[in-house]
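To start, the structure itself, in structure tokens.
What you see below is based on every heavy atom in this structure, not just the backbone, and it leaves out hydrogens, waters and symmetry mates. Each residue takes its place number in the sequence, starting with 1.
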Amino acid sequence: MQVHQAPGIWQYIIPIVIAGVILAFRARRMTQMRPLKIERLWIVPAIYLLLVAFLYIKGPPSPIGWAICVAMLVVGGAIGWQRGKLMEIHVDPETHAINQKGSYAAMVFLVGLFTMTRVEMYLRAKRLLDAARA
């Protein structure tokens, strides 16, 4: 038996407060200089490549699906490239140590991506729900 409750204001406030606290801690940490290990930057893209290869082997897309995947790879690559450009990288002139420091612009960029994801999902879900009720 399913119980449906009317959405209360807390249903919206609690996630916003939690996200705000997490973003505040993340923003504070981002402003600190951290070592950048350039020899390890390949690891995350390699994991993504293995995951995508596994999924495509398990269920290859149709020809139109391949075209969409390539287009989304280009779009995602451009967005990731832009976010990477927003990160500050410094080289110590004496030790040649490489350090990175996140920028508030990169944080806002990321928050904008998450926000637009939710907005798109809301609009699409609302449209589907309205169609189902009609």
Side-chain angles (χ1 to χ4, degrees):
M1 180 168 105
Q2 291 183 348
V3 177
H4 295 284
Q5 297 178 350
I9 190 72
W10 292 108
Q11 180 180 356
Y12 301 105
I13 291 177
I14 291 173
I16 290 171
V17 169
I18 291 171
V21 169
I22 290 171
L23 288 174
F25 281 119
R26 182 73 178 125
R28 196 178 112 225
R29 186 171 171 241
M30 275 182 46
T31 60
Q32 299 171 350
M33 200 66 75
R34 296 186 317 257
L36 176 63
K37 308 285 188 200
I38 60 173
E39 62 275 1
R40 294 184 185 166
L41 290 175
W42 65 271
I43 294 172
V44 171
I47 291 170
Y48 288 153
L49 179 64
L50 290 173
L51 178 64
V52 168
F54 171 76
L55 293 172
Y56 283 165
I57 290 169
K58 187 172 179 166
S62 66
I64 292 186
W66 278 109
I68 292 171
C69 289
V70 169
M72 292 302 103
L73 176 66
V74 171
V75 170
I79 291 170
W81 191 273
Q82 182 59 39
R83 183 167 182 261
K85 286 174 58 174
L86 294 172
M87 300 293 186
E88 297 177 26
I89 298 176
H90 301 276
V91 177
D92 186 300
E94 294 178 12
T95 64
H96 298 141
I98 302 173
N99 294 302
Q100 70 175 347
K101 181 175 150 182
S103 68
Y104 287 112
M107 178 64 95
V108 170
F109 187 77
L110 192 59
V111 170
L113 286 175
F114 291 145
T115 300
M116 291 312 295
T117 298
R118 297 305 242 179
V119 168
E120 190 282 333
M121 290 172 63
Y122 170 79
L123 293 173
R124 186 165 32 114
K126 183 115 174 78
R127 199 170 45 246
L128 290 169
L129 185 59
D130 290 344
R133 288 179 178 164

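- Hydrophobic cluster membership is shared by Ile18 and Ile13, with clusters built from Ile, Leu, Val, Met, Phe, Trp and Tyr side chains linked at under 4.5 angstrom.
- For Leu50, the side-chain contact (heavy atoms from CB on, under 4.5 Å) criterion is met by no residue, not counting sequence neighbours.
- Evaluation of the side-chain contact (heavy atoms from CB on, under 4.5 Å) rule for Leu129 yields Arg133 as partners, not counting sequence neighbours.
- Residues satisfying the side-chain hydrogen bond (donor to acceptor under 3.5 Å, both in side chains) criterion with Arg118, sequence neighbours excluded, are absent altogether.
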Ignoring hydrogens and angles, write down the donor-acceptor pairs under 3.5 Å from the side chains of residues 33-40, residues two or more places apart or on other chains.
none

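- Taking Phe109 as the reference, nothing meets the ring pair (Phe, Tyr, Trp, His ring centres under 6.0 Å) condition, with sequence neighbours excluded.
- For Phe54, the side-chain contact (heavy atoms from CB on, under 4.5 Å) test picks out Lys58, with sequence neighbours left out.
- Screening residues 64-108 for ring-ring contact (aromatic ring centres under 6.0 Å, His included) gives Tyr56-Trp66 as the qualifying pairs, with residues at least two apart or on separate chains.
- Interatomic distance, SG of Cys69 versus CD1 of Ile64, reported as 12.0 Å (0.5 Å rounding).
- Residues Ile14 and Val17 are members of one and the same hydrophobic cluster, defined by side-chain heavy-atom contacts under 4.5 angstrom among Ile, Leu, Val, Met, Phe, Trp and Tyr.
- Between atom CG of residue Leu113 and atom CZ of residue Arg83 there is a gap of 8.5 Å, rounded to the nearest 0.5 Å.
- When atom types are taken as modelled, the side chain of Ser103 and the backbone of Leu86 share a donor-acceptor pair closer than 3.5 angstrom.
- Using a 4.5 Å cut-off between side-chain heavy atoms of Ile, Leu, Val, Met, Phe, Trp and Tyr, Tyr48 falls into a hydrophobic cluster with Val44.
- Membership of the apolar cluster around Ile43 extends to Trp42, Ile47, as traced through chained side-chain contacts below 4.5 Å between ILVMFWY residues.
- Applying the side-chain hydrogen bond (donor to acceptor under 3.5 Å, both in side chains) rule to Glu120 yields the partners Arg124; only residues at least two apart in sequence or on another chain are considered.
- In this view, Val75 and Met72, Ile79 satisfy the side-chain contact (heavy atoms from CB on, under 4.5 Å) rule, not counting sequence neighbours.
- Annotation: salt bridge (charged side-chain N to carboxylate O under 4.0 Å, His left out) contacts of Asp92 (sequence neighbours excluded): none.
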